[in-house]
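Below, read A as the first sequence line, B as the second, and so on, with proteins coming before strands; counting in each chain starts at 1. Bear in mind the structure is a predicted one, so any value in this text is a computation, not a measurement.
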Amino acid sequence: MSAVKQYSINLLAWYDDHRREFEWRDRGMTPYQIWLSEVMLQQTGTKTVTPYYLRFIARFPTVAALAEAEPGEVLKLWAGLGYYARGRNLHRAAEMVMAEFGGEFPDQESLLLRLPGVGTYTAAAIAAIAFDRRAVVVDGNVERILSRYFAVEEFLPQAKPRLRELAEQVTPQLRNGDFAQASFDLGATICRPRNPDCGHCPLRRDCRALAMDAVESFPKKGPKPQRPQRFGTVFWLEDETGNLLLRHRPPQGLLGGMVEIPSSEWQAVRPNGQVVTDEFFYKQLEWQETGITVSHVFTHFALELQVIRAFTAQALVVEPPWFWARREELPHLALPSLFRKVIKQMERF
DNA sequence: TATTCGTGGTT
DNA sequence: TAACCAAGAAT
């Protein structure tokens with residue numbers, strides 16, 4: 001038997017005994033639930049996703065319920081999960097399912113791909129897992145497993161076309177959802193990026209990287225670009241009752257559509273004194289140093305924010321996108337983790 | 001094709 | 001502990 005044919009046979013047999021349990025797995029999951037979980041799981045760990053998934057299903061049990069929600073409420077529930085374009089696209093996709101697909105998710109990859117936030121991987125995963133359609137599901141796990149199994153010398157991401165070819169060859173005609181999820185489980189528990197557990201791997205007999213005793217050297221990758229450091233100043237403005245001045249961010253770009261504590265621009269150089277943005281009334285206030293610094297790491301840059309504080313009269317009226325928020329409602333706003341860190345530090349202050 | 005887009009877990 | 005990484009998509 002060839003290594004290609006043995007692949008799915010051995011992997012599925014292993015899966016029958018070693019499959020993991022998740023809230024979005026089995027129990028007659030609807031396509032809506034599979035879609036929601038797949039979007040949440042994009043570049044996000046299962047442990048992180050689980051509580052978010054449960055909250056979403058409780059609040060929006062169906063795609064119809066999600067489509068009827070306010071986009072802002074979706075972002076509130078998404079706050080802290082990251083990659084907020086996913087949250088924005090989630091609501092648009094729900095509306096599209098209602099308007100263009102009669103409230104039912106399509107079972108073809110080509111149609112699933114029309115949904116915002118559903119790309120090549122996610123369309124294939126939904127087709128396979130929700131509808132048991134044969135689909136070539138290639139995620140980071142599959143790329144890592146295949147690059148080892150076939151000892152692919154080409155570097156990522158250039159190797160992607162070759163890895164897709166190999167995935168096409170090893171993907172079986174039956175048990176499509178199981179095969180995809182078996183790959184996830186193997187990649188997470190056995191064929192890990194570091195410290196792979198090759199002794200328990202169902203594919204070890206035909207794994208070329210293992211035969212070379214070089215499993216961890218696959219997949220081949222180039223060096224990562226280093227993260228630039230940026231600096232900014234947060235303007236913590238309270239009124240007499242402790243209400244906090246906040247602002248809605250523009251709908252696109254970094255943290256798009258989320259709520260922020262206003263800050264200066266994020267520059268490449270550390271400010272060498274007090275920075276007060278030229279923002280309408282800001283210059284009129286007496287800003288105090290707090291000595292509080294908040295560090296945060298984004299995907300493509302690191303950020304260090306210093307917090308300065310001022311007080312103003314309760315009667316100060318602001319217009320959108322500015323707004324005042326009571327301290328008790330802060331936990332329920334669409335605040336990204338960066339600004340929750342600021343709040344947590346200031347509460348200790 | 002190369003960048004831009006978060007965050008928390010893990011080592 | 002700094003670095004790596006995760007069930008990638010959009011532009």
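Under the 6.0 Å distance and 45° angle rule, A/Arg175 does not count as a cation-pi partner of A/Phe179. Figure legend: A/Arg230 and A/Trp266 shown without cation-pi pairing, the cationic atom not lying both under 6.0 angstrom from the six-membered ring centre and within 45 degrees of its axis. Cation-pi check for A/Arg148 over A/Phe218 is not met; the charged atom does not lie both under 6.0 angstrom from the ring centroid and within 45 degrees of its normal.
Looking at A/Thr233 and A/Gln306, their side chains do bring a donor and an acceptor atom within 3.5 Å of each other. For the residue pair A/Lys76/A/His332, the side-chain donor-acceptor check at 3.5 Å is not satisfied.
For A/Leu254 and B/dT3, the CG to C1' distance is 13 Å, given to the nearest whole Å. Remark: C1' of C/dG8 and CZ of A/Arg164 are 12 Å apart, rounded to the nearest angstrom. The distance from atom CZ of A/Phe301 to atom P of B/dC5 is 7 Å, rounded to the nearest whole Å. C/dG8 atom P lies 13 Å from atom CD1 of A/Ile126, rounded to whole Å. If you take OH of A/Tyr52 and P of B/dT7, they are 9 Å apart, rounded to a whole angstrom. With rounding to whole Å, A/Phe22 atom CZ is found 12 Å from C/dA6 atom C1'. Atoms CZ (A/Phe298) and P (B/dG8) sit 11 Å apart, rounded to a whole Å. Put simply, CD on A/Glu216 is 12 Å from C1' on B/dT11, counting in whole angstrom units.
Considering A/Phe56, A/Tyr52, A/Tyr53 as possible partners of A/Trp78, the one that fulfils the ring pair (Phe, Tyr, Trp, His ring centres under 6.0 Å) test is A/Phe56.
Nucleic acid contact for A/Arg192: none, since no nucleic acid atom lies under 4.0 Å from a heavy atom of the residue. Residue A/Leu81 is in base contact, counting any heavy-atom pair closer than 4.0 Å across all strands shown. Within the nucleic acid shown, A/Trp35 has no heavy atom closer than 4.0 Å to any nucleic acid atom. When heavy atoms are screened at a 4.0 angstrom cut-off, A/Gly256 is found touching no nucleic acid atom at all. Nucleic acid contact for A/Gly80: sugar-phosphate only, since backbone atoms but no base atoms lie under 4.0 Å from a heavy atom of the residue. Across all strands shown, A/Pro157 has no heavy atoms under 4.0 Å from either base or sugar-phosphate atoms. Within the 4.0 angstrom heavy-atom criterion, only backbone atoms of the sugar-phosphate kind lie near A/Thr122; the bases stay farther away. A/Val297 comes within 4.0 angstrom of a base, heavy atoms only.
Candidate nucleotides C/dC5, B/dG6, C/dA7 were compared by shortest atom distance to the side chain of A/Leu41, and C/dA7 ranks first. Taking only side-chain atoms of A/Asn141, from C-beta outward, the nucleotide of C/dA7, C/dG8, B/dT11 with the closest atom is C/dA7. Here C/dC5 is the nucleotide among B/dG9, B/dG6, C/dC5 with the atom lying nearest to any side-chain atom of A/Pro193. Closest to the side chain of A/Thr299, from the set C/dG8, C/dA7, B/dC5, is B/dC5. Nearest to the side chain of A/Arg194, among C/dA7, C/dC4, B/dG6, sits C/dC4. If you check C/dA7, B/dT7, C/dA10 against the side chain of A/Ala188, the one that comes closest is C/dA7.
Using a 4.0 Å cut-off, no side-chain N or O of A/Gln43 falls inside it from OP1 or OP2 of C/dA6. For A/Arg88, no side-chain nitrogen or oxygen approaches OP1 or OP2 of C/dA10 to under 4.0 Å. Contact between the side-chain N/O atoms of A/Tyr84 and the OP1/OP2 oxygens of B/dT7 is found at a separation under 4.0 Å. Contact between the side-chain N/O atoms of A/His300 and the OP1/OP2 oxygens of B/dT3 is not found at any separation under 4.0 Å. Phosphate proximity of B/dG8 to A/Ser337: present, with a side-chain N or O under 4.0 Å from OP1 or OP2. For the pair A/Thr120 and C/dA9, the criterion of a side-chain N or O lying under 4.0 Å from OP1 or OP2 is not met.
Residue-to-nucleotide contacts include a donor-acceptor pair under 3.5 Å from the side chain of A/Thr44 to the base of B/dG6.
For the pair A/Arg227 and A/Asp139, nearest-nucleotide mapping onto DNA chain C gives the more 5' position to A/Arg227. The residue among A/Asn195 and A/Leu338 whose nearest nucleotide of DNA chain B is located toward the 5' end is A/Leu338. Two residues, A/Phe184 and A/Asn89, neighbour DNA chain C, and the one matched to the more 5' nucleotide by heavy-atom proximity is A/Phe184. The residue among A/Gly45 and A/Gln158 whose nearest nucleotide of DNA chain B lies closer to the 5′ end is A/Gln158.
Counting non-hydrogen atoms of other residues, nucleotides and ligands closer than 6.0 Å to CD of A/Glu21 gives a total above 12. The 12-atom threshold is exceeded at NE2 of A/His18, counting heavy atoms of other residues, nucleotides or ligands nearer than 6.0 Å.
Spacing between C/dA9 and B/dG8 at atom P, rounded to whole Å, works out to 22 Å. Separation of the C1' atoms belonging to B/dT3 and C/dA7 is 22 Å when rounded to the nearest angstrom.
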